[in-house]
2 protein chains.
Amino acid sequence: MGLSERKEREKLELKNLILDAARKMLLAHGQDGLSIRKIADEIEYSPATIYLYFADKDAILHELMEMGFGVMNEYMKDSFKEKDPIKRIHSIGHAYILFGLENKDWYELMFNSDKPMKHIEKCCEDWDQGMAMFAFLTQTCKEAIEQLKIENVEDHILALHLWSSVHGLVNLSLTERLEIVQRNSSHELIGKTLDAIIKTIFRK
Amino acid sequence: MGLSERKEREKLELKNLILDAARKMLLAHGQDGLSIRKIADEIEYSPATIYLYFADKDAILHELMEMGFGVMNEYMKDSFKEKDPIKRIHSIGHAYILFGLENKDWYELMFNSDKPMKHIEKCCEDWDQGMAMFAFLTQTCKEAIEQLKIENVEDHILALHLWSSVHGLVNLSLTERLEIVQRNSSHELIGKTLDAIIKTIFRK
DNA sequence: CAAATATAATGAACACTGTTTAGTAAATGG
DNA sequence: CCATTTACTAAACAGTGTTCATTATATTTG
């Protein structure tokens with residue numbers, strides 16, 4: 001038996017060293033500034049070594065994506081606790097947008113890259129954190145619909161309505177399209193729009 | 001004077017030859033499959049020659065982006081003619097989504113890439129077609145608000161609500177996030193969601 | 001303990017990418 | 001016909017992800 005406990009630990013340590021360097025590079029220079037060779041340089045190993053711990057660059061990006069959901073959870077954990085479903089939706093929406101605007105590179109990895117989604121079989125396990133979040137939103141929508149006795153509205157359609165709205169707002173802002181059509185502070189505009197959306201949906 | 005009429009025409013012809021090869025490559029292999037060197041190969045010129053006609057790759061992508069708005073206009077021209085503002089919004093929304101889903105590479109270039117938007121001074125001229133479209137949507141929203149006598153809703157906020165919703169839906173679909181959270185036909189789901197959004201906004 | 005084996009790491013190469021520059025060939029103007 | 005401008009390109013630079021034969025190290029076995 002060649003795999004002693006210590007060996008296994010060391011193997012994991014180098015893997016984490018790689019991921020840590022990758023994370024720092026992502027935050028410092030974005031996805032474009034993240035390269036295998038630079039990671040190798042940073043941790044003082046050869047580029048080839050990285051391929052002993054990860055299949056390819058996508059595998060690294062994928063693990064970073066999962067870390068991103070951890071960061072996002074920090075933004076949303078208070079919102080999840082909110083008792084009133086409508087207030088909860090409101091709070092989740094604002095937290096989602098704030099996370100997106102303040103963490104462009106995480107957001108890109110989690111919601112815009114199609115790299116980690118290459119194989120549809122695998123992705124349903126891989127994106128389980130995202131799925132769980134959407135399931136929670138759908139549940140919240142169900143509660144809101146029941147509480148306000150809104151008719152002819154399906155919970156999963158409403159959830160998608162909300163998700164696509166905030167996702168659209170975040171993307172329009174991150175790619176600077178909002179700055180183009182509306183010169184003044186887009187951050188404020190986004191908040192106002194989200195408030196208007198929720199007000200529209202839940203008006204009597 | 002060295003610049004005869006014929007010379008000028010020939011210069012433009014090569015520029016168009018480059019753009020044409022670029023367009024074909026974009027549609028055939030996506031933005032990742034589009035490279036200066038491959039274009040040069042295709043038109044049987046050296047890569048350096050391309051830099052006599054375009055400052056850099058971004059300049060080519062930028063011109064392609066403008067062509068993209070032409071393609072989009074084809075999808076939307078009938079919607080623009082619609083007299084009733086609410087029906088017009090509905091029609092524009094569906095046309096927008098259809099264009100996005102059927103033209104991933106154009107859409108990416110026009111609405112997701114931040115490459116052509118590097119300089120905020122220039123972009124306001126460069127994205128004038130996008131701005132014009134948004135202005136038209138805002139105008140349509142104004143008409144709809146007046147017709148239905150909806151209170152406490154600003155036209156540009158409503159326009160942004162609509163734009164972000166369809167933009168979000170298109171992006172979620174193009175990056176396969178919809179397929180993950182909802183296994184069945186996302187095309188149908190998107191249509192249903194858009195209908196629900198508009199119904200929600202304009203209900204009495 | 002030494003030899004055989006298994007593991008870990010790498011140097012160098014491959015096939016790409018965008019971009020620049022110095023130098024060449026051809027067309028034009030005097 | 002020669003000088004000058006114009007059009008073009010070969011080659012190089014600095015990157016990228018990835019692979020593989022080879023080497024160095026550590027472990028296990030005879």
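The sequence lines fix the lettering, A, B, ..., with proteins before strands; numbering per chain opens at 1.
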>> Within this structure, what is the CD1-CZ distance for the pair B:Ile145 and B:Phe202, rounded to the nearest 0.5 Å?
In response: 7.5 Å

> Once you round to the nearest 0.5 Å, how far does CD1 of A:Ile86 lie from OG of A:Ser91?
Replying inline: 13.5 Å

> With distance as the sole criterion, do the side chain of A:Arg37 and the base of D:dG15 form a donor-acceptor contact below 3.5 Å?
Replying inline: no

>> Can you confirm whether the side chains of A:Asp58 and A:His62 place a donor and an acceptor under 3.5 Å from each other?
In response: no

> Does the side chain of B:His94 pick up a donor-acceptor pair with the side chain of B:Asp195 at under 3.5 Å?
Replying inline: yes

Would you mind reading off the distance between [X] atom [atom1] and [N] atom [atom2], rounded to a whole angstrom?
X	N	atom1	atom2	answer
A:Ile50	D:dT19	CD1	P	13 Å
B:Leu14	D:dT6	CG	P	17 Å
B:Tyr53	C:dT19	OH	P	18 Å
B:Lys57	C:dT20	NZ	P	14 Å
A:Phe54	D:dG17	CZ	P	14 Å
B:Asp32	D:dT16	CG	P	17 Å
B:Ile43	D:dC8	CD1	C1'	12 Å
B:Ile36	D:dA12	CD1	C1'	17 Å

> Of the nucleotides C:dG18, D:dT18, C:dT20, which one has an atom closest to the side chain of A:Tyr51?
Replying inline: D:dT18

> With respect to the side chain of B:Ser35, which nucleotide from D:dT16, C:dT19, C:dG18 is positioned closest?
Replying inline: C:dG18

> Just wondering, more than 12 heavy atoms not from B:Lys142 lying within 6.0 Å of its NZ?
Replying inline: no

>> I want to check one thing: is the phosphate of C:dT10, taken as OP1 and OP2, less than 4.0 Å away from some side-chain N or O of A:Tyr45?
In response: no

> Below 4.0 angstrom from OP1 or OP2 of D:dC8, is there any side-chain N or O of B:Ser46?
Replying inline: no

> Taking for each residue the nucleotide of DNA chain D bearing the nearest heavy atom, is the 5' side occupied by A:Ala55 or by B:Ala48?
Replying inline: B:Ala48

